[in-house]
Visitor: 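Encoded as structure tokens, here's the structure I'll be asking about.
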Amino acid sequence: MHWPKTTVQTPQGPKPAIAPLVISASRTTDIPAFHAKWFMNRLRAGYCLWQNAFNAHQQQYVSFEKCQAFVFWSKNPQALMPCLPEVEERGFQYYFQYTLNDYEQEGLEPRIPKLAQRIAAFQKLSERIGRHRVIWRFDPIIMGNTLTVESILERMLRLAERLAPYTEKLVFSFLDMYKKTENNLKKVDPLLRPPSEEEALRLAEGIAQINKSLVSPLALSACAEKLDLHPLGIERNKCVDPALLLRLCPTSAEMRNTCAKLRLQKQGSLLPLAQAPGNDDIKDAGQRAFCGCAPSKDIGRYNTCMHLCAYCYANQSKMAVINGMNAVDVTGERL
């Protein structure tokens, strides 16, 4: 995405920067859980410094001057919640991709709060900012040993009954077995694996049935999955969602231009209309093949999340995370 260019004033003098409309915070680490102070310091400064995870010499200043919305990704946003009034006062819109799994029995998420605490935090956040701005993610779905199709669906039903009144949407995905993910999972249980295609279809069918049983059914989406689940009423997800961004920023011409698949009707209401020609670039080219996200700029950094989830693709190892966390300066430009 070719974002507008600008200049930021740094302690080293003026520096060229990009000025994205939407900032992701972050796919690569849990900024709300572990880096809320750093984030708020950068928000007040008006910019941050991003570094390429695979090439430390490639760095880029990111200005917040044109940013209209943040997409927060978290499993435990409680540290950021007291800061949300200031985020709002500074004129930014936002919503949360809130991952809430139930793998307590298997110990796959060793450093996150207990399930009951996470459910309570989800409910509290929703009551504070609105259910449309808290997206429930069960992500990823893992098979093996105690994790059968039936046990996963039982856990999802229990969660759905608690969370459905506090959200409008459930997003799920199936485990992607990256090499580092495979290595880390094997240390916990060598039987853990992604669902087979047959299991994935059974899971999707079960999720659709669970949803029909809810008093307040949710919009269902699968994240970056090749399987076509439309016949079950399950869409391909757009985590950085053009429709939700327009809902949050209904008067923004810049947002309408970026999220060109929707446009503002004369009455001022937002409704999906026919796709305009030439909008193929609505998809973020930097994401996976089956990702439908609108363009955003991520400001996180790998190996800086202390949840230490066994399936995480963003952490190389526990030692890499410890080293990464030790390198974080909450007053610094870069995470």
Side-chain angles (χ1 to χ4, degrees), residues 1-74 80 87 90-95 97 238-242 245 249 252 254-255 257-259 281-289 291-305 312-316 320-321 323-335:
M1 180 70 183
H2 298 291
W3 296 110
K5 302 294 192 297
T6 188
T7 300
V8 294
Q9 298 298 323
T10 78
Q12 299 78 36
K15 299 287 183 180
I18 60 167
L21 191 67
V22 181
I23 290 178
S24 169
S26 153
R27 287 182 175 93
T28 60
T29 189
D30 195 328
I31 285 178
F34 298 108
H35 307 292
K37 289 183 179 179
W38 174 85
F39 174 78
M40 293 307 297
N41 284 337
R42 298 328 307 161
L43 199 67
R44 293 161 191 148
Y47 74 95
C48 70
L49 180 63
W50 170 84
Q51 184 180 74
N52 190 319
F54 306 104
N55 181 359
H57 298 292
Q58 184 183 349
Q59 301 187 65
Q60 188 176 51
Y61 280 96
V62 180
S63 169
F64 298 164
E65 69 173 272
K66 294 186 180 296
C67 177
Q68 296 190 12
F70 289 98
V71 181
F72 294 118
W73 309 69
S74 189
L80 186 64
V87 176
R90 291 179 178 274
F92 298 103
Q93 295 290 337
Y94 60 87
Y95 66 94
Q97 294 283 348
K238 300 174 182 178
C239 301
V240 182
D241 185 353
L245 290 168
C249 308
S252 168
E254 295 91 342
M255 195 67 80
N257 290 336
T258 300
C259 304
D281 63 348
I282 188 66
K283 181 189 181 302
D284 190 334
Q287 302 304 319
R288 293 172 288 174
C291 173
C293 282
S296 65
K297 178 61 181 177
D298 199 288
I299 59 171
R301 184 161 66 91
Y302 289 132
N303 295 313
T304 57
C305 178
C312 182
Y313 68 86
N315 289 342
Q316 191 69 40
V321 174
N323 292 336
M325 291 292 289
N326 287 339
V328 173
D329 177 359
V330 297
T331 66
E333 296 176 322
R334 176 185 67 87
L335 188 61

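Note that this is a predicted model, so its numbers are computed, not measured.
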Visitor: At what distance, to the nearest 0.5 angstrom, does CD of Glu254 lie from SG of Cys67?
Guide: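 Result: 12.0 Å between the selected atoms.
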Visitor: Output the distance between atom OG (Ser24) and atom CD (Gln97), rounded to the nearest 0.5 Å.
Guide: 9.0 Å
Visitor: What's the verdict on side chain to side chain contact (heavy atoms under 4.5 Å, CB included) for Asn52 and Gln59, showing C-alpha distance, side-chain angles and the deciding distance?
Guide: CA-CA 6 Å; Asn52 190 319; Gln59 301 187 65; over 6 Å; no
Visitor: Do the non-hydrogen side-chain atoms of Thr10 and Leu49 ever get within less than 4.5 Å of each other?
Guide: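 They are not in contact (no side-chain heavy atoms under 4.5 Å apart), so the answer is no.
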Visitor: Within this structure, what is the CZ-CD1 distance for the pair Arg27 and Ile299, rounded to the nearest 0.5 Å?
Guide: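 It comes to 12.5 Å.
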Visitor: So which atom in Asp298 and which in Ser26 form the shortest heavy-atom distance, rounded to 0.1 Å?
Guide: OD1-OG, 2.5 Å
Visitor: Is there a side-chain contact between Phe64 and Arg44, using heavy atoms and a 4.5 Å cut-off?
Guide: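 Contact flag for Phe64/Arg44 side chains = no.
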Visitor: Looking at every heavy atom in both Ile18 and Trp3, which two are closest together, and how far apart are they?
Guide: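 Scanning both residues completely, I find the closest heavy atoms to be CD1-CD1, 3.9 Å.
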Visitor: Measuring from Asn303:CG to Cys312:SG, what's the distance to the nearest 0.5 Å?
Guide: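 The distance works out to 8.5 Å.
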Visitor: Can you give me the closest heavy-atom contact between Ser63 and Pro20, atom names plus distance?
Guide: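 Looks like O-CD, 3.6 Å.
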Visitor: Identify the two heavy atoms, one from Cys293 and one from Val240, that lie closest to each other, and give their separation to 0.1 Å.
Guide: SG-N, 3.1 Å
Visitor: Would you compute the distance between atom CD of Gln68 and atom SG of Cys249 and round it to the nearest 0.5 angstrom?
Guide: 5.0 Å
Visitor: Dump the intermediate steps for side chain to side chain contact (heavy atoms under 4.5 Å, CB included) on Met40 and Val87, then the final yes or no.
Guide: CA-CA 8 Å; Met40 293 307 297; Val87 176; 4.0 Å; yes
Visitor: Give the minimum heavy-atom separation between Tyr47 and Val8, together with the two atoms involved.
Guide: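 Here Tyr47 and Val8 meet closest at CB-CG1, 3.7 Å.
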Visitor: Is there a side-chain contact between His35 and Asp30, using heavy atoms and a 4.5 Å cut-off?
Guide: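 Side-chain contact under 4.5 Å: no.
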Visitor: Kindly compute the distance separating OG1 (Thr6) from CD (Glu65), expressed to the nearest 0.5 Å.
Guide: 3.5 Å
Visitor: Does the side chain to side chain contact (heavy atoms under 4.5 Å, CB included) test come out yes or no for Cys305 and Asn315, once each step is laid out?
Guide: CA-CA 7 Å; Cys305 178; Asn315 289 342; 4.2 Å; yes
Visitor: With Phe72 as reference, evaluate Phe39, Tyr95, Phe92 under the ring pair (Phe, Tyr, Trp, His ring centres under 6.0 Å) test and give the passing residue.
Guide: Phe39
Visitor: Knowing that exactly one of Tyr61, Trp50, Trp38 qualifies, which makes a side-chain hydrogen bond (donor to acceptor under 3.5 Å, both in side chains) with Glu333?
Guide: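 That would be Tyr61; it is the only one of Tyr61, Trp50, Trp38 passing the side-chain hydrogen bond (donor to acceptor under 3.5 Å, both in side chains) with Glu333.
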Visitor: Write down the atom of Thr29, the atom of Arg301, and the distance for their closest heavy-atom approach.
Guide: CB-O, 3.5 Å
